[in-house]
Q: 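Okay, here's the structure, questions in a sec.
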Amino acid sequence: MMNDKFVVVGRLERPEQTVTKNVPWYKEHPVVAEMMLVILFSGCFLGIPFLPKDPTFMDILKYGIAPGKEFFFGTDTMGRDIFSMIWYGGRVSLSIGILATLISTAIAIVVGAVSGLAGEKADTLIMRLTEILLAIPNLLMVIFLQAILGTPNPITISVVIGVTSWMSIAKVVRTEVRQLRNSEYILAARMMGGNFFYVLWHHLTPNFISSIMFMVVMQVRSAIVAESTLSFMGIGLPLEIISWGSMLSLSEKALLSGNWWIIVFPGVFLVGTLLCITEVGNYIRKRVSAGDSML
Amino acid sequence: GGKASEEKAQTKQETKETNNTLVYASGDYTRINPAMDEHGEINVLLFNGLTAHNDKNEVIPSLAKEWEYDKTSCTYTFHLEEGVTWHDGEPFTAEDVKFTIEAIMDPENGSENAPNFEDVKEIKVVDDNTIAFTLEAPNVAFLDYMTMAVLPKHLLEGENMQESDFFRNPVGTGPYKLEKWEDGQAITLVKNDNYFKGAPNIDKIVFKIVEDDNAKAIQMQSGELDLAQLTPKDAQNFKDKDGYTCYDMLTSDYRGIMYNFANEYWQKNKDLIPAINYAIDRQAIIDAVILGQGMIAYGPLQRNIYNNENVEQYSYDTRKAEEVLVKAGCEKKDDGFYYRDGKKISFTCNCKVGDQVRVDIAQAASQQLAAVGIEMKVEVPSKIDWGGQEAFLIGWGSPFDADDHTYKVFGTNKGANYNSYSNEKVDKYLLEARQTEDTEKRKEAYGKFQEELAKDPAYTFICYIDANYVAKSNISGISKDTVLGHHGVGIFWNVAEWKMN
Amino acid sequence: MRKIIGRILVFFVSVLLLSFLVFAISRLAPGDPLLSYYGDRVEKMTPAERAWAEKKLGLDEPILTQYGNWMQNAAKGNFGISYKYKQDVIEVVLERLPYTLVLGGIGFVLTFGLALLIGMVCALHEERWIDRIICKVGTVTSCIPEFWISLMLILIFSVELQVLPSSGAHSLTEDSFIDRVWHLVLPMTVVVLGHLWYYAYMIRNKILEEIRADYVLLAKAKGLSRRQILYRHCLRNLLPSYFSLMAISIPHILGGTYIVETVFSFPGIGKLAYESARFKDYNLLMVLCILSGITVILGNMIAQAINERIDPRIRAEEVFHDER
Amino acid sequence: MEDELMLNVNHLSVEFKTKKGTVHAVRDVSFSLKKGEVLAIVGESGCGKSALCKAIMGVLPKNATTEGRVMLQDRNLLTVKEKERRRLRGSVFSMIFQDPLTALNPTMTIGSQIAEAIYIHQPKMRKEEVKERVYELLELVGIENPKTRAKQYAYEFSGGMRQRSVLAIALANDPAILLADEPTTALDVTIQAQILTLLREIQQKKNMATMFVSHDLRVVNQVADRVAVMYAGKIVEIGTREEIFKDPRHPYTWGLLKSLPEFSRGQKELFTIPGMPPSLLTLPKGDPFAVRNDYALAIDYEKEPPMFEVSATHQAATWLLHEKAPKVAFTTPAVFASEAGPVEVAKSTGTEIIRVNHLTKEFRMPGKRRFTAVSDVSFSVKEGEIFGLVGESGSGKSTVARCLMDVYTDYTGEIFYDEIPVHDKEARKKYKKRLQMERQMIFQDSTSSLNQRKKISYLVTEPFRIQHLKPKRGSLEKEAIFQLSYVGIDEQSMQKYPRELSGGQRQRVAIARAVATDPKLLIADEPVAALDVSIQAQIINLFKHLQKEHGFSIIFIAHDLAMVEFLCDRVGVMKNGELVEVGDTAEIFANPKHAYTKELLAAVPKIYKEGAPCEK
Ligand SMILES: Nc1ncnc2c1ncn2[C@@H]1O[C@H](COP(=O)(O)OP(=O)(O)OP(=O)(O)O)[C@@H](O)[C@H]1O
Ligand SMILES: Nc1ncnc2c1ncn2[C@@H]1O[C@H](COP(=O)(O)OP(=O)(O)OP(=O)(O)O)[C@@H](O)[C@H]1O
Ligand SMILES: [Mg+2]
Ligand SMILES: [Mg+2]
């Protein structure tokens with residue numbers, strides 16, 4: 001039957017080649033970080049009704065109790081349950097952290113892109129203005145803006161923080177856009193009639209997002225901490241609103257006493273959250289970066 | 001390794017040398033200007049007043065060796081010590097005294113201390129060593145106010161009393177003189193060998209600028225400081241440490257909720273203040289906020305000899321609080337709060353920015369009030385509207401004459417009456433006490449004043465706060481029993497007698 | 001030549017604009033300048049007294065007039081007195097500036113030196129354990145508040161080991177060069193640690209991008225070793241981004257010494273800047289802002305000039321693209 | 001010793017570990033290279049040519065693993081120490097990289113990059129000597145004014161000069177073996193011809209063993225002694241040049257030869273190899289080429305063919321050479337020889353869709369200078385016509401295209417589109433939508449005209465998204481499937497990113513996007529320059545097809561004259577910004593008037609003239 005094999009049969013349909021992946025899906029994703037973030041966010045935003053204690057209630061005679069059965073994470077110097085405070089405070093802090101970051105990133109991207117796409121003169125103008133803003137003390141701007149916006153609430157606070165902290169990112173965006181703007185796909189989109197925001201959102205942002213990713217993640221941290229600084233100066237959120245920032249600044253006082261739990265838990269949650277966000281950011285960065293090292 | 005050991009040797013050497021140097025953790029100074037600024041620990045080391053206080057806070061002679069009082073003309077005549085010289089060698093005279101007090105009184109200069117000398121009618125230099133003050137009305141506390149530091153006329157005449165360079169190179173008559181001032185770091189004082197009361201024992205005193213509470217505690221531990229006022233929590237760590245001595249000093253420094261009667265709210269709801277007074281568990285607040293380092297407060301003079309214990313103390317009693325409310329026509333609604341005329345009993349208490357103890361007290365009190373059915377919101381505004389606010393968490397305290405911080409605080413329209421409190425009887429008793437020298441009479445007047453104040457409370461008194469000083473054990477002479485003032489100021493009153501061994 | 005003149009012009013206009021902005025904002029923002037001048041006494045002032053005090057400090061005039069006056073005086077070199085310190089602001093600033101220049105300046109250099117080093121180590125060992133560990137540790141340190149780091153360092157090195165002084169710019173008793181250096185160690189560590197990872201990580205990522213470029217292959221084909229390629233080629237191409245980063249970070253690092261100054265009792269303008277902004281010490285604020293503005297703007301201009309030297313494309317690009 | 005063996009590659013395999021799976025880029029490749037010989041490697045894009053070169057150089061990226069042996073004399077390069085390899089790199093063998101635009105470090109002067117290559121291997125050399133050597137090298141590769149040129153940066157060089165610089169670097173230490181990876185693909189014909197001549201000259205002068213990689217058979221024909229044809233990571237046929245061109249045995253080689261436009265002269269369509277090269281991730285059972293092979297045998301689907309020997313120097317891996325296989329003959333070379341006349345194209349009689357009058361465009365240059373990129377160009381294109389625009393690199397072709405598309409508006413002269421005066425701002429505004437819809441452009445470089453971060457399905461429907469149009473076929477998704485299938489891309493690719501497609505596929509996506517809105521005028525700026533011959537043919541056929549079906553007018557910019565000759569109705573020739581000659585294609589090719597046109601035609605590498613290889 002050998003001869004059958006040597007018959008011209010021409011082109012035949014062959015089933016699609018199945019690709020065996022080297023890496024299982026869970027290795028590609030930072031699964032642990034993603035899970036933690038899900039737990040954290042759902043805990044902070046959905047879990048409040050299920051908290052064991054009222055986070056604002058000061059059981060003032062039970063101050064400084066070490067972690068135990070009643071108080072999982074102990075109590076602070078005013079007898080509040082740290083466990084409950086963390087979830088409750090997380091809601092405010094994460095909202096502010098993320099909202100402020102979104103605002104500052106959005107401003108940074110728009111300003112950076114406008115400057116990057118503009119001609120030399122407009123570019124110089126915008127960049128010098130950015131530098132001038134960079135040189136005005138943040139504190140002054142914050143006080144000024146807060147006064148304009150009136151009574152502080154998480155949204156105004158986010159706006160204030162966001163509006164005062166976009167400058168560095170804008171400068172980086174501008175540099176990136178300068179490199180990207182010569183790409184032909186930008187030209188193509190323009191020719192098809194895409195306007196500035198279309199090009200910015202669909203073509204520029206996906207390409208430079210990786211280079212500002214880390215700055216953006218760190219912005220979340222800065223915003224959370226900045227919120228507590230504002231409270232400290234009397235232009236922050238009302239006192240009864242607990243946030244991670246205010247917990248951290250309270251813990252400064254507990255630093256030298258033996259009440260480690262007052263410092264450790266909010267600290268761990270903040271650092272942990274940021275680690276997770278960084279991890280996810282890193283994953284995104286790697287996914288879009290160009291191939292392997294040549295070294 | 002080499003460097004480290006070198007450094008160790010250096011620290012050792014430093015300790016040897018500093019054997020006679022005392023390093024004190026101080027707040028920052030932008031200038032040393034006793035005439036314009038009220039508080040200032042360092043003033044007492046560099047300057048003297050005509051009078052001074054002893055360990056019981058009684059008035060004793062200082063630059064003035066003796067004085068007379070002429071009742072009819074309300075005139076004090078002071079006889080000054082002779083042969084006293086300024087640190088720069090110039091002689092000290094009555095002209096200097098006149099110059100200083102007039103500078104304070106001059107409204108152009110905007111001195112914080114001006115109210116103390118409101119009633120000075122005339123200052124007369126009799127001769128180089130004699131000076132006479134004529135008052136408009138009798139004022140027993142005047143001698144107290146004459147502890148005011150005297151400044152050298154020859155250096156300050158014609159100078160701007162706010163902006164002069166003198167206040168960064170102060171020259172006084174005090175036991176120590178300024179050696180050098182490093183901005184933001186340290187102010188070094190050396191002893192004045194020509195001090196008219198005899199040279200002090202400790203050679204050098206360094207006011208090291210350490211503003212952060214944690215840093216103070218740490219530097220105390222690392223041995224870089226010899227003396228510091230710490231928070232109660234930090235001070236506790238030194239209780240059983242070798243080589244350190246803790247001084248838990250009593251103070252006349254109290255905290256309370258001040259109701260602003262210029263605000264319509266309290267004009268209408270004045271009758272509810274007793275309910276608030278009853279509703280606060282002061283001991284719990286003291287235990288939690290200041291770790292028990294304090295005392296329950298019910299009046300402004302508890303650390304004073306004229307204290308009257310037999311007044312309504314408003315001890316913690318929630319039942320009574322609710323009774324007051326019900327009597328006043330309030331109704332409790334489902335949300336747990338009382339309402340009067342359909343309006344919730346609710347007000348806002350402001351705290352000063354940056355003072356966490358006050359914030360904590362206010363928050364704790366707020367919660368206790370809520371338990372009874374009164375809402376008190378706590379805010380920390382960046383700028384305080386003294387005329388318009390509803391309430392404020394106030395702190396006062398004078399360790400000295402009972403007149404100080406009562407007359408001007410509770411008297412109608414007086415300088416420090418921030419809440420427009422006005423009670424004729426209170427005014428009367430305060431004036432009475434001020435104008436008599438007779439201790440018994442004063443005691444009676446102050447007693448009545450306190451009773452009246454308890455009946456018609458201006459504040460809800462909460463607590464007195466102790467000051468926690470920690471010192472190296474080799475320092476002797478710090479008097480434990482003296483009652484200190486606002487913010488624990490006053491520990492250096494007898495510094496000339498301190499020793500280090 | 002025309003370019004240089006143009007740049008100088010831009011520089012001055014920028015500084016002028018900055019001064020006006022700060023002037024306007026500081027006066028429009030809430031807060032009481034009298035508080036810094038008269039202290040707590042302001043609380044007791046009657047409206048009449050207040051008005052008088054404001055007049056005395058020249059705060060009663062319209063903002064534009066005030067700015068005009070300020071400009072006139074400033075042109076003569078008179079920047080007014082600090083309300084709080086009641087001294088000539090220049091004096092106040094000059095007294096502390098050297099300390100900040102030393103702490104912030106050296107801190108700046110160290111931060112960026114180390115950041116480059118760490119970035120390179122990480123990039124050379126990309127995705128290997130050393131890189132992973134540095135990344136994790138770095139992220140954690142960058143999240144710890146500076147305040148904590150400071151106190152922890154003091155606890156370890158001053159209290160427990162007693163090897164380093166915890167405060168001041170020099171010993172109270174002596175004042176030698178070595179002593180000063182010795183006192184700088186801990187504050188400097190905090191300044192550096194506080195910013196290091198932020199920049200190190202960005203540099204690391206930039207290098208990772210750089211070593212994926214094609215020219216690396218050519219260099220490799222020439223026979224260069226990994227290190228040679230990294231040092232001679234990648235680093236060079238990295239420098240423009242590096243300098244831009246440095247320029248952005250000037251205000252962060254120079255101005256971010258407030259906490260360090262407080263905890264370590266270290267003199268410097270960080271605290272001045274913070275307090276002048278918070279308590280409305282107008283004249284001081286103006287001088288500090290202009291100082292920082294000059295460094296920032298100058299820093300950016302220098303970075304740009306250096307980058308143009310290094311990467312000729314930037315120079316060329318400027319000309320090509322004023323079309324669109 | 002002519003026959004001295006330099007390099008012997010035995011059973012070399014290269015694999016890349018990627019997230020998607022293992023890419024078998026080079027599979028069991030064996031060949032040898034003799035001194036002074038040029039071995040050409042041809043094959044479609046992605047078949048592993050570069051990977052092979054890099055493996056020999058030892059410059060593969062980190063995720064690559066190699067197997068087999070690369071013997072230099074008696075040393076196995078794959079196992080020697082890295083230090084030793086480094087010493088060999090650049091001195092004994094050196095490599096010219098595919099892309100001269102990115103291979104040079106943008107921040108170093110050309111001179112210093114060459115100098116570096118020298119003193120890495122001769123660290124003792126004195127500075128002046130190195131300098132001298134750099135000038136010498138630059139001169140050797142034909143760069144004039146080496147002293148000033150050495151101080152310049154890559155961006156100041158034209159593509160051809162950059163490629164020469166890379167060559168200079170490769171030659172810096174007189175290597176014994178030169179690996180040239182597609183050294184001319186990025187260049188236009190005239191430059192390409194120069195570089196090829198240069199390479200050949202130097203190679204003969206220095207007696208280097210050269211491995212010459214290309215996908216262009218015409219080029220290979222010009223330089224090679226021996227030719228190896230690669231497909232899917234394997235060498236499928238290897239032999240001397242004559243053997244491969246005159247007597248090819250592998251159906252793939254046949255396909256490559258047939259796809260050349262010269263082959264189809266006079267035909268309606270170009271011949272193409274059907275289908276696409278396989279993904280190297282998981283290869284199908286049997287011969288990977290079988291699915292594209294009209295002569296595939298049943299056994300091809302079961303077993304990969306081994307190498308069959310045709311002659312001592314000629315081997316091919318196809319079952320057709322098996323003794324039991326039916327005899328299939330390849331009979332084309334004759335066609336090349338017969339210079340069949342061009343097809344008669346129906347003269348389009350439509351109205352003018354575009355008319356350009358005296359178009360001049362200047363660019364501002366550093367320091368007040370002005371540079372005239374296009375000067376006084378006039379031409380017109382009729383409806384349904386394909387107009388070719390040719391000329392060397394930098395002659396202003398793209399600039400004309402951009403003016404036509406309103407990318408630049410600061411030109412002088414007039415441009416009418418369908419009687420709309422687009423040089424007029426008001427008119428542009430008034431007809432904005434129509435202009436945007438009816439005129440579309442395809443870019444020179446498909447990689448950079450498609451955003452790498454967007455999925456294919458998005459990219460194809462982009463015009464609909466931007467213009468908020470209702471897709472004719474219901475949803476955007478359906479529209480995307482339709483448009484892609486129209487240009488021959490299957491549904492599976494929809495969810496892929498551009499970099500996951502081959503160059504040809506990418507260009508198809510770009511075309512699909514351009515024609516999605518049914519434009520009337522299509523401007524194609526060198527749409528096939530970067531593609532393989534076989535893919536080029538497919539794209540060109542696609543254009544022909546589109547034009548026939550839809551009656552588009554096309555302005556086709558190219559430097560490959562053979563393509564233009566095949567595709568276009570009329571041609572314009574540009575030089576230095578001027579349009580030097582316009583006319584009917586046949587007319588111009590048969591009878592060029594302008595000297596430059598003649599030069600251009602002469603520079604085209606000729607495939608197989610009678611007898612011996614064509615040499616210059
Ligand atoms: N670093 C890499 N990682 C993963 N896969 C790679 C890598 N480099 C190349 N490949 C894959 O290996 C195969 C062969 O690539 P190679 O670059 O050798 O092709 P080529 O024949 O040179 O093509 P071209 O003509 O386009 O240059 C391709 O499928 C490519 O996708
Ligand atoms: N934006 C610009 N600024 C300055 N000069 C430019 C610009 N764009 C193109 N040029 C110059 O204009 C001339 C024509 O360029 P163009 O891109 O039109 O050439 P081309 O014929 O398309 O070449 P290629 O075949 O390389 O694409 C070139 O010399 C180029 O350097
Ligand atoms: Mg290749
Ligand atoms: Mg072009």
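Lettering of chains follows the sequences in order, A, B, ..., and the numbering in each one begins at 1. Scope of the values below: all heavy atoms of this structure, side chains included, with no hydrogens, waters or symmetry mates.
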Q: Can you tell me if C/Lys55 has over 12 outside heavy atoms packed within less than 6.0 Å of its NZ?
A: no
Q: CD/C/Glu261 to CD/B/Glu211 distance, rounded to the nearest 0.5 angstrom?
A: 10.5 Å
Q: How far does CG of B/Asp28 sit from OG1 of C/Thr262, to the nearest 0.5 angstrom?
A: 10.0 Å
Q: Does some side-chain heavy atom of C/Leu155 sit less than 4.5 Å from a side-chain heavy atom of B/Ile218?
A: yes
Q: Report which part of B/Lys204 has an atom under 4.5 Å of a heavy atom belonging to chain C: side chain, backbone, both, or neither.
A: neither
Q: To the nearest 0.5 Å, what is the distance between OG1 (B/Thr30) and NZ (C/Lys84)?
A: 6.0 Å
Q: Are C/Trp52 and B/Glu108 close enough that some pair of their side-chain heavy atoms sits under 4.5 Å apart?
A: yes
Q: Identify which of B/Lys180, B/Arg31, B/Gln162 forms the greatest number of heavy-atom pairs closer than 4.5 Å to chain C.
A: B/Gln162
Q: Would you say B/Glu163 and C/Tyr37 are linked by a side-chain donor-acceptor pair, where the criterion is simply a distance under 3.5 Å?
A: yes
Q: For B/Val206, is it the side chain, the backbone, both or neither that has a heavy atom under 4.5 Å from a heavy atom of chain C?
A: side chain
Q: So which atom in B/Ser222 and which in C/Gln162 form the shortest heavy-atom distance, rounded to 0.1 Å?
A: O-NE2, 3.8 Å
Q: Does atom CD (B/Glu379) have a neighbourhood of more than 12 heavy atoms from anything else shown, all under 6.0 Å?
A: no
Q: Is the shortest side-chain heavy-atom distance between B/Gln185 and C/His170 below 4.5 Å?
A: yes
Q: How long is the span from the CG atom in B/Asp165 to the CG atom in C/Asp88, to the nearest 0.5 Å?
A: 10.0 Å
Q: Report which part of B/Asn417 has an atom under 4.5 Å of a heavy atom belonging to chain C: side chain, backbone, both, or neither.
A: neither
Q: Nearest 0.5 Å, what's the OG-CD distance between C/Ser265 and B/Gln219?
A: 4.5 Å
Q: For chain B, find which of C/Ala169, C/Gly168, C/Ser167, C/Ser82 contributes the most heavy-atom pairs closer than 4.5 angstrom.
A: C/Ser167
Q: With a 4.5 angstrom heavy-atom cut-off, is it the side chain or the backbone of B/Glu182 that approaches chain C, or both, or neither?
A: side chain
Q: In Å, rounded to the nearest 0.5 Å, how long is the span from CG of B/Asn160 to CD1 of C/Ile81?
A: 7.5 Å
Q: Is it the side chain or the backbone of B/Lys208 that comes within 4.5 Å of chain C heavy atoms, both, or neither?
A: side chain
